[in-house]
There are 2 protein chains.
Amino acid sequence: MRVISKSGEYGLRALLHMASNQDNKGFFNIREMSEGLDISFHFLTKILQVLTQKGILQSYKGPNGGVGFLKKTEEITLADLVRALEGDDFFDKCLLGLPGCGDRQPCPMHAYWMGIRNNLKSEFETTSLADLGENTRLQHLRLIP
Amino acid sequence: MRVISKSGEYGLRALLHMASNQDNKGFFNIREMSEGLDISFHFLTKILQVLTQKGILQSYKGPNGGVGFLKKTEEITLADLVRALEGDDFFDKCLLGLPGCGDRQPCPMHAYWMGIRNNLKSEFETTSLADLGENTRLQHLRLIP
DNA sequence: TTTAATTCATACAAAATACTCCTAAATCCG
DNA sequence: CGGATTTAGGAGTATTTTGTATGAATTAAA
Ligand code: SF4
Ligand code: SF4
């Protein structure tokens, strides 16, 4: 079972790291992050690139460059992040993978999935990166495998 | 998002079909099923093969052969099925994909995942194939995409 | 202005997953 | 028995995902 893809997981871990170490000057070096979180530098770069394209991060090239949040972490929900990393229809697709069906012609498991999915969605919609980052910081939680 | 792999989806759909058409002699022809459910015959064959190896189905070769349930559908839970199709640790692994962590050193999202996972697990543990099959039959639900 | 640091872009390689094909083994029927 | 049918098993192919390598573009600093 893999609700979130590997790239999604990496992106999430990186942003969680950033959110819990915000005391810096605002920009984070990707190489340092990749080493600290034990993620391939190039792969992480590519993932964060997408997040800047989606307007969640901003980036700066050159010496002391890096990536930083574009919006406040209070204004970025976990749902936003997952949608950027996994696709806009993340919370609308069938968890089972079946295409083109819904409330009108549901399969026998639809009721279960709907419940689980809505639960997930509302939890994610109401959780900000700041919340998660604060948690991480206060509890000295780790982000590496 | 793909909670259940493609093979898992196919297996599930096939067994759901079987459970909702149990009035037959007990054995189902795989080719007919593959055509009815629009799944590649060879691929479905292999998936059902695994289920017979795992003791959920029994099979019969030769003319009028096929696959049938080994236990009563009342005694097969959705959880059993998913475990057979996706691995025994399906409900124990982290939905996020991170290895080797748990209650002792949780990541910031652990609480969310645990809730969602336990929810999922208990729903699946208490739902039998018979339940789902009956649903399907009574409501004329479809199993094809 | 040159040099170094850093993200951006793209192409390539490896691994995992999904799917196909072919032959063997079991069973039935004439 | 002999041929037809159907699942079993394994090997092979295609597609997607994950990861690597390389070079260009941008910025800072010497
Ligand atoms: S009806 Fe079944 S397959 Fe379709 S969206 Fe609902 S759970 Fe998924
Ligand atoms: S701590 Fe985080 S990564 Fe680990 S099992 Fe819980 S949710 Fe998954």
Side-chain angles (χ1 to χ4, degrees), chain A residues 1-14 18 24-35 37-70 85-87 96-99 145, chain B residues 1-15 18 24-35 37-70 85-87 93 96-99 145:
Chain A
M1 167 157 58
R2 163 132 252 149
V3 173
I4 286 178
S5 71
K6 210 90 180 167
S7 347
E9 178 204 324
Y10 293 162
L12 220 47
R13 274 177 39 220
M18 289 169 62
N24 307 26
K25 72 285 181 189
F27 281 88
F28 295 82
N29 181 292
I30 300 182
R31 171 141 265 137
E32 279 176 21
M33 274 204 287
S34 79
E35 283 165 3
L37 299 172
D38 198 32
I39 301 169
S40 147
F41 167 68
H42 292 290
F43 199 29
L44 182 58
T45 294
K46 196 168 355 189
I47 294 164
L48 296 181
Q49 226 176 86
V50 173
L51 290 179
T52 64
Q53 286 163 355
K54 301 252 180 183
I56 291 181
L57 296 179
Q58 60 185 146
S59 70
Y60 228 84
K61 293 176 188 173
N64 300 317
V67 292
F69 290 109
L70 191 54
L85 290 164
E86 300 283 332
L96 232 184
L98 303 189
Chain B
M1 168 156 56
R2 161 133 254 146
V3 174
I4 286 178
S5 70
K6 211 90 181 167
S7 346
E9 179 203 323
Y10 294 162
L12 219 49
R13 273 174 44 215
L15 264 62
M18 289 169 63
N24 308 24
K25 71 284 180 194
F27 281 88
F28 295 81
N29 181 294
I30 300 183
R31 181 158 307 265
E32 278 176 23
M33 275 204 286
S34 78
E35 283 166 2
L37 299 173
D38 198 31
I39 300 170
S40 146
F41 166 69
H42 291 291
F43 199 31
L44 183 57
T45 294
K46 193 168 314 192
I47 293 164
L48 297 180
Q49 226 177 84
V50 172
L51 291 179
T52 64
Q53 286 163 355
K54 300 253 180 181
I56 291 181
L57 298 178
Q58 60 185 146
S59 70
Y60 230 84
K61 292 176 188 174
N64 300 318
V67 293
F69 290 110
L70 192 55
L85 290 165
E86 299 284 333
K93 282 192 304 187
L96 234 183
L98 304 189

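Numbered from 1 within each chain, the chains take letters A, B, ... in sequence-line order.
With contacts defined as side-chain heavy-atom distances shorter than 4.5 Å, the pair Q49(B)/T45(B) qualifies. Put simply, the side chain of F43(B) does not reach to within 4.5 Å of the side chain of S34(B), judged on heavy atoms. I4(B) places none of its side-chain heavy atoms less than 4.5 Å from the side chain of L85(B).
Rounded to whole Å, the distance from CD1 on I39(A) to P on dT18(D) is 13 Å. When rounded to the nearest whole Å, the span between OH of Y10(A) and C1' of dT17(D) equals 11 Å. In this structure, I47(A) places its CD1 atom 13 Å from C1' of dT20(D), rounding to the nearest Å. Taking atom CG of residue N29(A) and atom C1' of nucleotide dA4(C), one finds them 14 Å apart after rounding to whole Å. For the pair K6(B) NZ and dT17(D) C1', the computed distance is 15 Å after rounding to whole Å. Taking atom CE on M33(B) and atom P on dT6(D), their separation rounds to 13 Å, with Å as the unit. As a whole-Å value, the separation of F27(A) CZ from dA28(D) C1' is 14 Å. One interatomic measurement links the two molecules: CG of L51(B) to P of dA8(D), which rounds to 11 Å at whole-angstrom precision.
Note that CZ of F69(A) is 9.0 Å distant from CD1 of I56(A), once rounded to the nearest 0.5 Å. Rounded to the nearest 0.5 Å, atoms CG (L57(A)) and CG (L51(A)) are 5.0 Å apart. Note that the CD1 atom of I47(A) and the CG atom of L12(A) stand 10.5 Å from one another [nearest 0.5 Å]. Here the CD atom belonging to Q53(A) is positioned 11.0 Å from the CG atom belonging to L48(A), to the nearest 0.5 angstrom. The line from CG of L37(B) to CE of M18(B) is 11.0 Å long, rounded to the nearest 0.5 Å.
Between S40(B) and the phosphate of dT20(C), there is a side-chain N or O to OP1/OP2 separation shorter than 4.0 Å.
Proximity of residues 57-69 of chain A to DNA chain C (heavy atom under 4.0 angstrom from any strand atom) is restricted to S59(A), Y60(A), K61(A), G62(A), P63(A), N64(A), G65(A), G66(A).
Across all strands, L48(A) comes closer than 4.0 Å to no nucleic acid atom at all (heavy-atom distances).
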Just the table, please: protein N/O against nucleotides 9-16 of chain C N/O, every pair under 3.5 Å.
unit_1	atom_1	unit_2	atom_2	d
dA9(C)	OP2	Q53(A)	NE2	3.3
dA11(C)	N6	K46(A)	NZ	3.3

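Among dG19(D), dT7(D), dC8(C), the nucleotide with an atom closest to any side-chain atom of T52(A) is dC8(C).
Listed for the E86(A) side chain is a donor-acceptor partner under 3.5 Å among the backbone atoms of S5(A).
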